[in-house]
Each structure stands twice: as C-alpha cells, then as structure tokens.
Amino acid sequence: MAASPAAPPAPAVEAPPPQPEARTLGRGSDSRAGQLSFCTKVCYGIGGIPNQVASSATAFYLQLFLLDVAQVPAAQVSLALFGGKVSGAAADPVAGFFINRSRRTGSGRLMPWVLGCTPFITVVYFLLWFLPPFTSLRGLWYTSFYCLFQALATFFQVPYAALTMLLTPCPTERDSATAYRMTMEMAGTLMGAAVHGLIVSGAHRPHRCEDAALARPVAVSPDAARLYSIAAAVLALTYPVCSGLLCLGVKERPGSSDPASGQGLSFLAGLRLTVRHPPYLKLVISFLFISAAIQVEQSYLVLFCTHASRLHEHVQGVVLTILVSAMLSTPLWEWVIQRFGKKTSAFGICVMVPFVILLAAVPTAPVAYVVALVSGLSIAVSLLLPWSMLPDVVDAFQQQHQHGPGLETIFYSSYVFFTKLSGACALGISTLSLEFAGYEAGACKQAEQVVVTLKVLIGAVPTCVILTGLCILMVGPTPKVPSGEDPSHRQSLQRRTSYSLA
C-alpha cells in the first residue's frame, strides 16, 4: 500500500529533463545537460573579433593617419578623437536601455542588434579611413564618421557580450564560452594591429621626404591613401564574415534572462546610488587616471617613433611587441592576482614608468623594444585588475544596501562610461597640445617644440597620471569578498566584461 503511492512520484521527478534537452537541441548544442558544442563556442568567440580588430587599428594608427595622411590640423584631430570617445561613452547606457527593452524575434532578442549593426559599421569603418577629394571639410568628415563608428561599435558589443547569458543555463558552460571569447578577442587585437600595420607600413617611410624641404608639408601620396583604404577594406570585412559565423553557429536560448532584472532602476537612478559608495568611487577615480595614461601612451607611441626619433622602420615591430607581451602575460597576471592579492598586483602597472622615461631620453631601437615589452606587461594588468576588483565592490555594496542583483549592470555600465569619458578628455587635450606646440600636418620634420611635446606625452604624462591613480587606489582598505558569497554575482559581472587595448 505504501509502495504503490510512492511509484507515481518517480516518473514525475524524471519528467523535467526532456524540456531542457529540447531547448538545448534547439540551440545547436550536443548535450542533454546544457553543454555547448565546440563549434558553438568557437563561433561565439569569433563574434568578438571584429570590434577588437577595428579598435586595435584605430588605437595605434588613426591619429597618425589623420595628422600625416589626411593632413587634418591637430586642433580638429583633437575634436574628432574627443567627440568619438564621448559618442562611445554616451552610447553605452543608451544601448543598454534600448536592448533591455527590445522584444524577442525569430532570431532572438540580442542577435538582431548584432546583425542590424553589421552593414552600417562595415561601411562607416571603411569611410573612417577613406581620403575624401575635398580638403576644407575633412575635419568634419572624420569627426562625424569616428563618432558614428564608436556609437555603432557600442551597439554591436553590448548585445554580443550579453548574449553569453542566453547561450545555456549552465554557468560552467557560460564561463567556458567566455574563455573562448576572451581568447578570440585577444587574437583579434593582435591581428588588427598586425594586418593594418603591415599594409600601411610603406606609407610612412622616410624616403618620401628626400626631395622635399624638411620643414615643408609634403603632398599626400596617392599610395599612402590607397594603402590605408586597402587596410580599412580588409579589416571592415571581418564584421560581415564574423557576424555571419556567429549567427550560423550560435542560437539564443528562449526564455527569461538576467538583464531583465535590472529594468526597475534607471541608469541615472542607479548611478546616483553607485557613486555614493566610497569603494566604487575610489576604484573608478583611480582607473580613470590609469586608463587615460595607457591610452595616451598607446596613441602617441607611433607618433613619437615617426617624428621624435629615427624609429620609422620599427613602428610595426614595437606595436606587435606590446600586443604579444600583453597577450602572453595575461595568464601570469591572473596567477599573481590570486597569489599575492589585488593591491600588490596593482604595482605591476607602474613597471613601465622608468622605461618610458628612458625611451624619451634615449630613443633608440633596443630601448624601444624593451619599453614595448614592459608596456605590454603593464597594460595587461591594468586591463585585468579593475574587472577583478569590481565584483568585490559590488558584493560589498549588495551587503550594505540590499538592492537586488540588477544593480551590477549599473556598476559595469557606469564604469565603462567614465573610463571612456576619461579617455576622450585625455586624448582630446593631449592632441590639442600638439597644435599649441606648432605641429604641422604632413611635414617631414616637425619643430623642436613638437618633438619635446611628444617626449612629454609618452614619458612624463603617463608617469604622473599612473602614479596619481595608484596613490588613490592604495588609500583605504580593499573590499573583502564575503565568505558565503553567491558566485552568481561575480560570474554575471565577469561575463559582461571584455579586455581591449583600445
């Protein structure tokens, strides 16, 4: 009698597994436990390549292109770089607002945003490197297209990063997919600078000035414009190719998702709460300085090698050394952070300080390669550390305020917003300093004041700004991870992050 009532519940317990299996098969996965196939993970990782390819190329070469090939005045270049970065910063909360409220379609809720941005960002990226036939409005041309590119890149990246939550309900598989994504994005960063640099390397050789007066601007070489257009076309093609592979190999899992949990609080309301949290405020302010210093160092290193030293032939090698060093040292820094702690690891950021000063004083090829190697180490830890510390700050905030899990998206979005804004100000002001120093677009040899300014921008400025950021970071205790924390907070935040050298 007791056995017969016990029999029916057994099938009832075993009944649910077919439902997840059906959803898994609908996503193109092979496992009944929510596991993702190798093909799905690779296709998802490939989707992160285009933005990293484009961002890497623009970070190292756009300023040089605008000043020396397009021959846009330095003041207008300053406006273009500032406007573009501000556009990307403003687009981040806007993209989150609209994407969070979009309806699900036949291809999913997030995938249409990625596919919809693809044709527009492909065209815009090519036009960003195109040399228009007119000269008087080139500053407006490049400002407009750089702003469009930064905004579209944000609308491409936000849904792509959030897609992790809709791949599978299994947290372990999500983390595995994120690892594939990070690997592909690092490869994309290296590929962007390498391919673009190899194609345009002939556009900045010193032989173009042999028959010209040294201080007189040289007419734009048709070969230089053509090489930059070819490089832009090659890199722009990564958007449709990679987006197509992403769409073919990855399917969104139907059902509710975590981003909806944050809809009850607006970005501004959440921002008011987060900026009142002292540990978060300290973290943001310190990395505003550090990220600004890193961006200035990246942007002006190529200009310094071109105009303030005899390192024209080594530009490509120096850039690749930085990226390879950053990529290979990332696992090492992850181990250092876990073994020695986050505050101790932060001192790795200032490793580059004495070397950049040495490069400004002794601009030789051996010193340049050593500086590139050490700079890659510092860049890697500067990218890893904030995403390692931010989850601890969020956990501490949740314990104190009990506002629910939706605020972690506000923490991430506001951090990205502020760091992009600091990069905009740093690049805008520093480029404007070249105008005041008398930078002459297209000139074979710049005035001595310009050379001194470039040395200051790659030596003294990053040194002072990095040390200021580290001093702020070291003030006060670091938030501790609660012993009984729910790992979902940390995982959901990490899945929304990406490492970029741009």
Side-chain angles (χ1 to χ4, degrees), residues 89 270-298 329 332-357 374-375 377-403 407-408 410-427 429-430 459-483 485 489-490 493-494 497 499:
L271 183 62
R272 282 194 293 269
L273 285 173
T274 57
V275 296
R276 294 172 185 170
H277 187 51
Y280 177 72
L281 199 59
K282 182 185 74 171
L283 180 69
V284 168
I285 294 176
S286 62
F287 278 97
L288 287 185
F289 284 95
I290 293 170
S291 63
I294 296 296
Q295 290 186 60
V296 168
E297 180 72 18
Q298 285 179 278
S329 63
L332 172 64
W333 283 116
E334 289 177 345
W335 176 82
V336 171
I337 289 172
Q338 294 177 358
R339 177 66 178 82
F340 298 101
K342 294 162 189 176
K343 271 198 170 182
T344 303
S345 303
F347 287 103
I349 300 173
C350 64
V351 170
M352 64 183 285
V353 166
F355 292 93
V356 294
I357 296 176
V374 177
S375 296
L377 299 175
S378 294
I379 288 172
V381 68
S382 73
L383 294 174
L384 280 171
L385 201 56
W387 304 119
S388 176
M389 300 181 75
L390 197 52
D392 298 342
V393 172
V394 175
D395 289 333
F397 181 87
Q398 296 286 5
Q399 278 198 332
Q400 293 179 20
H401 299 275
Q402 302 296 327
H403 275 284
L407 270 181
E408 61 192 18
I410 304 293
F411 274 97
Y412 165 71
S413 298
S414 57
Y415 175 78
V416 173
F417 174 80
F418 286 126
T419 51
K420 287 182 177 180
L421 202 59
S422 72
C425 295
L427 292 179
I429 294 173
S430 57
V461 170
T463 297
C464 295
V465 178
I466 285 176
L467 294 178
T468 301
L470 285 176
C471 289
I472 296 172
L473 187 64
M474 295 301 153
V475 174
T478 302
K480 301 298 182 183
V481 183
S483 58
E485 77 167 330
H489 295 319
R490 181 180 302 277
L493 183 65
Q494 289 176 340
T497 64
Y499 307 137

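For Tyr280, the OH atom is densely surrounded, since the number of other residues' heavy atoms within 6.0 Å is greater than 12.
Minimum interatomic distance between Ile379 and Gln298 (heavy atoms only, all atoms of both residues): CD1-CG, 4.4 Å. In terms of heavy-atom proximity, Ser286 sits nearest to Gly469 at CB-O, 3.2 Å. Taking every heavy atom of both residues into account, Pro386 and Leu283 meet most closely at O-CD2, 4.4 Å. Taking all atoms of both residues into account, the shortest heavy-atom contact from Leu467 to Cys350 is CD2-CB, 4.4 Å. Here the closest non-hydrogen pair linking Thr344 and Phe340 is OG1-O, 3.3 Å. Scanning all heavy atoms of the two residues, the minimum distance from Ser345 to Ile337 falls at OG-CA, 3.3 Å.
Rounded to the nearest 0.5 Å, atoms CH2 (Trp333) and OG (Ser382) are 10.0 Å apart. A distance of 10.0 Å separates CD1 of Ile472 from CG of Leu281, quoted to the nearest 0.5 Å. Once rounded to the nearest 0.5 Å, the distance linking CD of Gln295 with NZ of Lys420 reads 10.5 Å. Summarising the geometry, atom NZ belonging to Lys342 is positioned 11.5 Å from atom CG belonging to Leu384; distances are rounded to the nearest 0.5 Å. Residue Tyr415 holds its OH atom at 6.0 Å from OG of Ser291, rounded to the nearest 0.5 Å.
Ser378 places no side-chain N or O within donor-acceptor distance of the main-chain N or O of Ser375, the cut-off being under 3.5 Å.
Tested against Met352 for a side chain to side chain contact (heavy atoms under 4.5 Å, CB included), the candidates Leu377, Ile357, Thr463, Ile466 yield a single pass: Ile466.
In this structure, the side chains of Leu473 and Phe287 come closer than 4.5 Å at one or more pairs of heavy atoms.
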